[in-house]
Every structure is written in structure tokens, then in C-alpha cells.
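Naming: A, B, ... by sequence-line order, numbering from 1 per chain.
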Amino acid sequence: MKYRSIKGTKDILPGEVEAWQHVEGSVRRVMQRFNYHEIRTPVFETTALFSRSIGELTDIVTKEMYTFRDRSDESVTLKPEGTASVLRAYIQNNIGEQASLTKLYYIGPMFRQERPQAGRLRQFHQYGAEALGSQSPALDAEMMIITLEIYRALGITDTMLKVNSVGCQRCRPRYKDLLIDHLKKIASQLTPDSQSRIQNNPLRVLDSKDEGDQRRLRDVPLMKDFLCRECSEHFVEVLSLLDEGGIPHQIDGKLVRGLDYYTKTAFEITSSALGSQDALAGGGRYDLLVEELGGKPTPGVGFAAGIERLIMVLKKKELLPSAFRGPRLYIVSADKNARRWTFQRSMELRRHGIAVEIDYLERSVKAQMREANRMACELVLIVGERELSSGSGTIKNMTSGMESSVALSQLESLFT
RNA sequence: GUGGCCAUAGUUCAGUUGGUUAGAACGCCAGGUUGUGGCCCUGGAGGUCGUGGGUUCAAAUCCCACUGGUCACCCCA
């Protein structure tokens with residue numbers, strides 16, 4: 001084969017798209033209920049936007065971005081996540097000046113140049129939301145609830161919500177020192193990966209998947225126990241909002257997200273129906289990020305969720321609707337004359353909003369019938385010399401097999 | 001970036017210890033009524049056996065390389 005899709009990219013074919021429409025529909029309905037407004041940003045941005053917001057030392061920035069120079073030698077990057085673009089648009093368009101609180105959501109493709117595997121592609125799709133302008137713990141809780149609400153609307157109720165607080169500029173540095181001290185003591189027993197992280201990203205040592213590491217990390221100090229007063233109060237409030245709302249969740253003191261911009265709340269939702277890549281969604285608060293990107297100091301909180309992974313779960317749980325709908329009417333042409341008539345008549349019917357299909361391959365009546373059956377048409381009308389001269393024909397119901405006669409000029413009335 | 005597994009018709013796969021024109025099922029096309037589908041029957045089209053080397057009298061089958069897919073690690077959606 002001469003041309004193939006790029007590694008890690010996929011065609012979403014008919015038969016599969018229905019699942020996507022199903023998911024997107026639920027996302028839009030739920031977002032609307034919570035009064036979030038859709039925003040669509042470009043698929044690519046200036047590279048610096050991402051390296052600055054996501055963090056220079058993160059995996060995404062150091063080894064996963066699709067970055068290239070365009071013809072005017074500007075470094076551009078296909079967006080690896082949604083938040084940075086949304087915030088850039090928020091700042092650039094002075095959206096914060098028009099209202100004190102802004103609630104936005106998006107659905108779109110993201111790009112990360114990683115080795116593909118189950119649940120991971122180079123072009124994948126996310127939906128997500130951002131609430132800018134308030135420090136209220138209510139919004140932190142709302143993000144988690146929206147995420148779960150979308151899953152509930154789709155029939156998924158057995159996800160796992162993990163919550164943590166990663167502190168702020170005031171309390172995190174103090175904790176980091178403490179953590180590094182502790183890690184240094186046990187460094188020799190940790191995996192090389194973890195050892196090298198002690199210096200440049202100590203927090204990430206915590207979520208090492210290595211069992212040996214985890215055993216040695218059992219009594220490591222956790223951020224949530226060293227929060228400043230403000231962060232602590234915020235965290236407690238988020239948790240009690242979840243409790244009062246009856247939202248099942250688990251506090252995970254070792255939960256660290258792969259993006260540097262989080263402050264206070266961080267959360268993640270996983271599904272046991274997935275393989276090794278089991279995170280369905282993740283999010284958190286980022287109170288410093290808008291300012292970091294050149295906007296006025298504005299607190300924010302958001303989340304992002306993967307569509308491919310969600311569809312994997314829906315498939316596994318057989319929660320996808322099998323509603324394949326064929327055209328309502330198939331007009332079979334018995335001869336060449338009829339074919340011309342059929343073409344024109346089908347156009348009129350379509351103009352009236354009726355889904356009609358006809359034959360384009362000059363096939364036999366039998367073959368046309370088979371085709372109508374294959375595409376699950378509701379009704380079939382056969383038109384030939386007889387029908388054209390008499391002005392009436394027989395309509396066959398393809399599920400019951402019953403036939404009845406209709407005037408060719410009255411076909412519309414069959415569908416009222 | 002590292003590693004495991006895989007690579008035969010449109011699809012899912014079979015292919016005996018290397019040995020004659022590479023098979024099945026489903027799908028597709030046509031016929032079994034002279035203008036009627038689904039079920040059934042018959043026939044047909046469709047394959048450089050991923051690509052390139054090598055071993056051999058002989059390779060889909062053995063060896064090497066490459067490419068692609070897939071799963072896992074790292075990390076994440």
C-alpha cells in the first residue's frame with residue numbers, strides 16, 4: 001500500500017462515528033446543563049505557549065510534542081492538551097473583562113508523539129472544561145461532578161475518582177524539600193528512573209508504578225499533610241462538598257499529575273475496564289496559570305477527558321446504541337425510462353425531508369431489492385412501465401413484507 | 001526511546017516434517033421467475049503469501065534486515 005495514515009492516527013469510519021456522535025452529544029448536553037459554553041481554538045499554537053504552561057521539564061514538553069518550524073521559521077506545535085489554548089484565547093480576547101466568571105468547554109483533537117499502544121494514540125481526542133475567575137471549592141467539585149455526570153449519562157457508573165491537593169507556591173516548596181530529604185535517604189533502593197527524578201521532579205517519584213518503589217514509599221511524607229492553612233481549608237471544603245453530594249471518591253496522597261501548572265486540587269478518574277492506560281479523565285486547579293501566560297491574575301480550574309478511552313469502555317460494557325437507520329424509502333427502477341423518473345422523484349422527496357435511496361449501478365430489480373434490504377430501508381417502491389402509465393405502484397414494507405398500492409404523486413403522504 | 005508478539009483473499013483465519021494450479025468461512029457479484037429482498041442452492045471474481053536479501057534442486061513454510069501492526073515499559077487522555 002502506497003499511502004497509510006500516520007502512525008498512531010486512525011480513521012473513524014462509518015459504523016464507528018455513531019459512537020462518537022453519541023459521546024459528543026452527551027458531552028454537549030451535560031455541559032449545557034452546567035452552563036458551560038463551547039470554545040474552539042486552533043489545532044496549533046506557538047510552541048512557547050505549551051512549554052511555558054505545561055512545564056519545561058514535563059514529559060509532554062521534553063519528548064512528546066509535535067513541534068516543527070513553518071515556512072517563516074516560526075516554531076509551532078500541534079496542541080498536546082486543551083487548557084493552554086483555551087487560556088490563551090481567554091486572555092487574547094479579553095473574555096475575563098466581560099464577566100467575572102467564565103465557564104468554557106471544548107471537544108477536539110490533541111497530538112502527542114508517543115509510541116502508540118492500547119488507549120494511546122498520536123492523535124487522540126479530548127473534551128474538557130475550564131472555569132476561570134473563581135477560587136471557590138465549589139468549582140473544583142463541579143469539575144469532578146461534570147466528568148462523572150457525563151459518564152452517568154452514558155451508562156458508566158463504576159469509575160474511580162481519586163482526589164489530592166498539590167498545594168500552592170507557599171506550601172509546596174517547603175514540602176518539596178522535606179520530600180527530597182526523605183527520598184535521598186532511600187534513593188539507593190529506588191529504580192534508576194525514580195532516582196533521577198529526585199532532583200528535577202521529586203513529586204513524580206510518588207506515582208512510580210514500580211511495586212518495589214511503592215513499598216519503599218509507604219511512609220513518605222505526603223503533600224496533603226503539609227498544606228498551608230488556605231490550601232488545607234480549600235481541600236477540606238472540596239472533600240466535604242463531594243461527601244455531601246454523595247460522590248464516591250478516594251483521597252490519594254500520591255496522586256501527581258503530569259502537568260506542572262496545578263495548584264491545590266488535582267484529581268483523576270480511572271476505569272477498570274481499560275488496560276494499562278486506565279485514566280479516563282484528569283484535572284485540577286491552576287490559580288497561577290493565567291497570570292503566567294500574561295493575563296491578569298485569575299484563578300481557574302478544569303479537567304480533560306479522553307474520548308477514545310471512553311469509547312473503549314462503552315464498547316466493553318456494550319453501552320453503545322446499535323441504532324443503524326437506513327433510508328426510509330428505496331425506489332427500484334425496472335427499466336431505463338423509470339430510472340430517469342426515479343431520479344427526479346427521489347430529488348423531490350429528499351427536498352421534502354425524506355431519506356430516499358435509488359440505484360446508480362443499473363442493476364437488476366432483484367439486486368436493487370437486495371440492496372434495499374441490506375441498507376435496512378423501511379419501504380420499497382418498484383417503478384417500471386406499468387407504474388408510469390397507470391400512475392400508481394406497489395409499496396412494500398420490508399419488515400412485514402406486506403404490499404399496498406399508492407399513487408406515485410402521493411408518495412409524500414406515506415411519511416407524514 | 002526500549003522490549004515481547006504478529007504480518008496469507010475485502011474481513012477473520014487454515015496451510016501438515018520446505019515439495020505440483022495457496023484453501024475455508026463470512027462479505028462481494030451473478031444465476032436458481034418472465035420486474036421483488038431476507039433463508040436455501042449453484043457458479044464467479046478476488047491473493048506480488050508485508051518488502052528486500054539469503055539458504056535450497058525446491059520457501060507462505062528456514063535465516064537475516066527493513067517496514068507496518070499490536071501489546072507492555074516510560075508517561076499519560
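Residue A/Lys63 places no side-chain atom within donor-acceptor reach of the base of B/rG1, judged by atom type and a 3.5 Å distance cut-off alone. The base of B/rC28 lies outside donor-acceptor range of the side chain of A/Arg374, with no N or O pair under 3.5 Å. Residue side chain A/Asn373 reaches the base of B/rG37 through a donor-acceptor N/O pair under 3.5 Å, judged by distance alone. Looking at A/Arg115, its side chain comes within 3.5 Å of the base of B/rU2 through a donor and an acceptor atom. Residue-to-nucleotide contacts include a donor-acceptor pair under 3.5 Å from the side chain of A/Glu114 to the base of B/rA77. Judged by distance alone, with hydrogens and angles left aside, A/Gln113 brings no side-chain donor or acceptor close enough to the base of B/rG1 to form a pair under 3.5 Å. Interface remark: the A/Gln117 side chain does form a donor-acceptor pair with the B/rC74 base, using a distance-only criterion of under 3.5 Å.
Between A/Arg363 and B/rC29, a side-chain N or O to OP1/OP2 separation shorter than 4.0 Å is present. Phosphate contact (OP1/OP2 of B/rC76, side-chain N/O of A/Arg204, threshold under 4.0 Å): present. Neither OP1 nor OP2 of B/rG37 sits under 4.0 Å from any side-chain N or O of A/Lys396.
With a 6.0 Å radius and a threshold of 12 heavy atoms from other residues, nucleotides or ligands, A/Arg28 has its CZ atom above the threshold.
Using modelled atom types, no side-chain atom of A/Lys79 and backbone atom of A/Ser85 make a donor-acceptor pair closer than 3.5 Å. A/Arg216 places a side-chain N or O within 3.5 Å of a backbone atom of A/Gln189 that can act as its donor or acceptor partner. In this structure a side-chain-to-backbone donor-acceptor pair under 3.5 Å is present from A/Arg309 to A/Gly119.
With both pairing distances under 3.5 Å, B/rC28 is matched to B/rG44 as a Watson-Crick or G-U wobble pair. Remark: B/rU2 base-pairs with B/rA72. Criterion, Watson-Crick or G-U wobble with two distances under 3.5 Å. For B/rU56, there is no paired base (Watson-Crick or G-U wobble, both distances below 3.5 Å). Summarising the base pairing, B/rG35 is matched to no nucleotide, lacking a Watson-Crick or G-U wobble pair whose two defining distances lie under 3.5 Å. Nucleotide B/rU16 is matched to nothing when pairs are restricted to Watson-Crick or G-U wobble geometry with both distances under 3.5 angstrom.
Counting non-hydrogen atoms under 4.0 angstrom, A/Gln123 reaches nothing in the nucleic acid. The residue A/Glu308 sits apart from the nucleic acid: no heavy atom pair falls under 4.0 Å. Nucleic acid contact class of A/Leu259 (heavy atoms, under 4.0 Å, all strands): sugar-phosphate only.
Comparing the P positions of B/rU12 and B/rG50 gives a spacing of 14 Å, expressed to the nearest Å.
The side chain of A/Ala118 lies closest to B/rC71, out of B/rC71, B/rG37, B/rA77. Closest contact between the side chain of A/Arg370 and the listed nucleotides B/rC75, B/rA30, B/rC76 involves B/rA30.
In this structure, the CD1 atom of A/Ile331 is 20 Å from the P atom of B/rG35, given to the nearest Å.
A donor atom on one side chain and an acceptor atom on the other are not found under 3.5 Å apart for A/Gln123 and A/Thr9.
Between A/Tyr262 and A/Tyr286, the ring-plane angle classifies as tilted under the 30° and 60° cut-offs.
Position along RNA chain B of the nearest nucleotide to A/Ala305 versus A/Cys377 favours A/Cys377 as the more 5'-ward residue.
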